[in-house]
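Residue numbers start from 1 in every chain, and the chains themselves are labelled A, B, ... in the order their sequence lines are given, proteins ahead of strands.
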Amino acid sequence: MAETLWPIAFSAASRQNMVKISIITDCLSLKYVPAFTLLVFLGPLGAGLIGTILPAFGYFPALGAEDFSLLSWRYLLDYPALPEALHLTLLSGFVATALSLSLAIAFTAAWQGRPSFNRVRKLLAPILAIPHSALAIGFAFLLAPSGWIARLFSPGVTGWDTPPDIAIIHDPFAVSLILGLVIKETPYLLLMIIAACDQGQARQRLVLAQTLGYSPVAAWIKAVLPLIYRQIRLPIYAVLAFSLSVVDVALVLGPTAPPTLPVLIVRWFNDPDLSYRALASTAAAFQLVIVVLSILVWYLLEQLMAQIFRHWLSNGQRSCAERTISFLSRSFFQILGGVFCGSLLVIAIWSFTRRWRYPDAFPSEWSIQSWQNNLDTLLLSSSTTLIVGSISALIAVILSVACLENEKRRGKTAGSGALWLLYLPLMIPQVSFLFGTQVIAIKLDIDGSWLALIWSHLLFVLPYVFLSLAEPYRFQDNRFVNIAHCLGASPWRAFWKVRLPMLLRPLLFALAIGFAVSVAQYLPTLFAGGGRFMTLTTEAVNLSASGNRRIISVYALLQGLFPLLAFSAAIGFSNFTFRHRKALSQS
Amino acid sequence: MNTHQRPGAAQAPEPLILKDLTLSLFRAGVNRTLFNKFDLEIQPGEITTIMGPSGCGKSSLLSFISGTLAKDFTVDGRVCLGQRDITDSPPEQRHIGMLFQEDLLFPHLSVGENLGFGIPAVVRQKTDRKMLIEQALEEAGLSGFADQDPATLSGGQRARVAVMRTLLSRPSALLLDEPFSKLDSALRERFRTFVFDHARAHNLPTLLVTHDPEDARSAEGVILNMPFV
């Protein structure tokens with residue numbers, strides 16, 4: 001019986017001393033992590049904004065301008081193409097966001113809980129993992145007059161022997177830009193909606209509404225949407241800000257004469273004539289104003305809609321265009337899936353093409369020439385991508401874990417204010433502060449260094465990593481760690497042996513997300529890298545104007561493959577580790 | 001030689017003593033007092049039961065004793081093991097074993113590794129540690145289960161592993177937070193006997209909180225009814 005259990009006598013004195021020391025160091029270091037993280041994160045942002053806005057008002061000592069003036073604002077507002085560029089920016093930003101949101105809402109409302117919804121849910125991670133620009137390139141190769149779809153139907157259906165001279169891609173109405181954005185943003189918003197539904201009482205509300213006789217779409221829109229909208233508000237603003245400020249996708253798909261405002265700004269920043277810098281800074285500040293005002297307008301529209309539909313919510317009508325919404329939303333997601341797979345496929349095909357005459361449906365000659373001929377630059381840009389991606393993701397995970405662990409130990413959760421701070425770099429247009437950070441990096445003599453490059457990526461990697469880790473971390477049952485303490489484990493030991501291993505899956509997933517976000521960065525690499533670094537994304541986007549589809553495809557394909565591999569590795573590794581641990585094995 | 005000697009309680013087993021305990025919860029702007037000037041002494045080998053409805057603060061009391069109380073409580077009073085005041089010690093230095101309603105076996109470790117987690121690091125030799133694990137498994141009627149995934153065990157088996165894990169950590173006292181309430185009635189009685197027998201055999205001062213009068217009766221000790229305030 002129990003008497004036989006303890007044959008070994010020992011003393012616990014040494015153990016106690018060790019424990020004391022580690023507690024002291026723990027508390028000292030962890031306490032300052034949130035402040036440090038904010039500094040790392042908001043420091044460059046704030047400094048960058050100042051560094052952009054000051055030149056906008058004529059203060060730019062590096063170019064010998066030290067007098068404040070509004071001169072460059074006059075130049076900007078007199079710039080002939082400005083109204084059209086602004087119009088295109090607002091059009092594409094608002095339409096893409098509204099369309100993505102409507103589709104995500106419609107699809108959730110109509111198909112939640114059904115098999116097709118779960119199929120789409122599984123597709124979300126890979127779609128989100130692939131950089132915007134890679135998808136945009138594939139999209140262009142699919143839809144252009146000389147694209148794959150036209151080839152498949154020519155000359156049979158269309159009668160075209162040569163590509164028709166119509167601007168489908170780069171169209172002056174920004175339709176292809178809008179569609180390119182919608183492909184990526186709808187899945188993102190869908191994911192946010194799903195996450196919000198999992199948290200609240202969405203399920204109970206839905207069931208309740210249905211037992212009151214409401215059809216699925218009406219039940220969801222009337223009973224669940226008002227509840228979760230608050231939770232998806234910040235992601236929506238981020239999407240709106242992103243759509244208004246996007247550069248890489250606009251370069252690949254957007255109108256050209258004139259382009260959208262952010263593209264114009266980057267062009268001015270890169271102009272060899274330095275006098276354009278002042279104009280660029282002014283426009284960058286202007287872009288910030290546009291985005292802030294747009295978010296404000298969106299907020300007012302939200303309030304207006306809430307007022308208008310208030311009566312509709314309780315008018316007792318129990319269905320809401322059920323069939324139309326089901327049909328339309330499902331069709332869209334089928335098309336989305338098709339376009340997604342088609343885009344990847346077409347860049348894969350092009351990268352191995354030697355000869356593909358119009359209007360053949362497939363290449364007539366294949367080769368690995370495009371890969372071989374560019375091997376050096378491919379290796380170089382791949383390794384830069386890999387290094388920056390892994391290091392920034394790793395730093396982001398470490399900082400996030402430290403902040404979250406600090407929360408756990410202090411027993412307090414950061415409020416909604418912190419959430420706003422976190423979303424800040426996602427809402428402030430990149431063009432509006434990256435130039436300023438470049439100026440500061442030059443002052444600190446770190447421009448074009450790995451430090452500057454990784455740091456600038458971190459600004460965008462950190463929010464996504466933190467957001468993906470926060471929920472599993474905060475919801476982990478504290479009693480596991482408490483019981484580890486009661487069993488004699490020090491805070492460190494409980495952290496390393498219980499907390500982290502149990503969170504292995506979300507940790508690896510967060511790493512993969514961070515890596516994917518870093519791979520996708522275009523402007524930060526351009527600005528902070530000082531032109532000295534090339535990644536797969538900068539190469540793919542810069543080449544996209546060249547028209548050499550074979551080479552562009554090689555870069556775009558790798559650009560898409562890297563994040564996909566990271567996600568597969570994350571899932572594969574956790575599945576392997578937990579292959580004999582049933583409670584942790586389901587993904 | 002006394003095989004019962006536990007390292008946390010350097011000498012012979014000592015009573016668990018609560019002195020003048022006031023415990024209140026400040027949440028949503030309201031201050032609620034759960035215990036007011038509460039005193040309690042439990043002798044080694046004795047099982048004291050606190051009965052009360054859910055939400056009356058039973059579990060908070062146990063968290064306070066084990067040192068894992070959430071930060072939104074305010075506490076006044078002392079916890080002692082014999083002469084030793086442990087009120088300000090971190091939980092890992094208190095050596096207070098705790099069992100919950102759920103077994104809380106670590107899902108990422110095997111059954112054997114879970115038990116190993118409980119054994120203090122001063123048992124250095126691998127063979128010694130292994131022997132302790134084997135003995136514990138045997139006592140729980142689970143010989144040969146060391147490499148199993150805890151998720152593949154039945155509820156009763158998991159509960160027994162949790163008990164053995166706690167005992168292997170050589171606690172100076174045992175706190176039971178309704179550990180029987182999730183088991184069905186047949187299993188429940190057997191498991192209850194298993195836990196109580198071990199608590200007595202190790203001469204541990206034991207505090208049980210429950211809302212089941214049957215649990216209280218079979219503990220054969222002092223029964224206190226909440227709320228006291």
Side-chain angles (χ1 to χ4, degrees), chain A residues 1-20 22-24 26-27 407-412 476-494 497-505 574 577-586, chain B residues 1 3-8 10 63 66-68 70-72 89-100 102 104-110 117-118 120-125 128 131-132 135-136 139 147-152 162 164-171 175 197-198 200-202:
Chain A
M1 259 311 277
E3 284 87 333
T4 60
L5 255 178
W6 324 123
I8 303 154
F10 55 86
S11 136
S14 61
R15 178 176 64 176
Q16 292 198 353
N17 280 336
M18 270 164 55
V19 165
K20 253 180 207 150
S22 74
I23 290 171
I24 292 167
D26 267 11
C27 295
E407 265 186 12
K408 280 269 186 190
R409 292 192 188 177
R410 291 183 45 203
K412 275 188 196 136
Q476 191 189 38
D477 191 341
N478 272 334
R479 290 179 306 171
F480 282 109
V481 168
N482 283 345
I483 215 153
H485 289 155
C486 291
L487 291 170
S490 67
W492 260 126
R493 188 167 143 79
K497 298 285 179 178
V498 176
R499 171 93 71 211
L500 288 192
M502 283 182 66
L503 289 169
L504 181 70
R505 192 180 291 275
S574 22
T577 309
F578 293 138
R579 67 196 179 286
H580 301 309
R581 297 285 173 264
K582 226 168 89 190
L584 297 167
S585 63
Q586 61 274 45
Chain B
M1 188 178 152
T3 53
H4 273 149
Q5 194 152 358
R6 278 171 306 279
S63 304
S66 68
T68 54
K71 301 277 194 275
D72 39 7
S89 309
E92 66 272 18
Q93 287 173 27
R94 297 187 181 200
H95 305 287
I96 295 210
M98 203 152 172
L99 288 173
F100 292 96
E102 289 85 15
L104 296 179
L105 294 182
F106 301 128
H108 60 294
L109 301 178
S110 69
F117 195 98
V122 274
V123 184
R124 284 238 176 78
Q125 293 294 319
D128 291 342
M131 192 175 66
L132 284 175
Q135 278 179 359
E139 261 182 76
D147 294 329
Q148 293 257 355
D149 176 2
T152 61
M164 298 322 287
R165 180 176 69 174
T166 306
L167 293 177
L168 280 171
S169 74
R170 306 178 190 196
L175 306 179
D197 282 353
H198 274 87
R200 291 196 190 99
H202 287 258

Compare every heavy atom of [Y] with every heavy atom of [X], then report the nearest pair and how far apart it is.
X	Y	value
A/C486	B/I96	CB-O, 3.4 Å
B/E92	A/A489	CB-O, 3.1 Å
A/I483	B/M98	CD1-O, 3.7 Å

Non-hydrogen atoms of chain A under 4.5 Å away: do they reach the side chain of [X], the backbone, both or neither?
X	answer
B/L109	backbone
B/L104	both
B/S89	neither
B/L105	backbone

Step through the shown structure and confirm whether more than 12 heavy atoms of other residues, nucleotides or ligands are within 6.0 Å of NZ on A/K497.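 No.
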
Test item: A/M502 and B/P107 side chains (from C-beta on) under 4.5 Å apart, heavy atoms: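 They are in side-chain contact.
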
Using heavy-atom distances under 4.5 Å, tell me whether [X] contacts chain B through its side chain, its backbone, both, or neither.
X	result
A/F480	both
A/R410	backbone
A/D477	side chain

Can you tell whether the side chains of B/E102 and A/R479 come within less than 4.0 Å, N to carboxylate O?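 Salt bridge present between B/E102 and A/R479.
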
Going from OG on B/S66 to NE2 on A/H485, what distance comes out if it is rounded to the nearest 0.5 angstrom?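 So the gap between those two atoms works out to 11.0 Å.
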
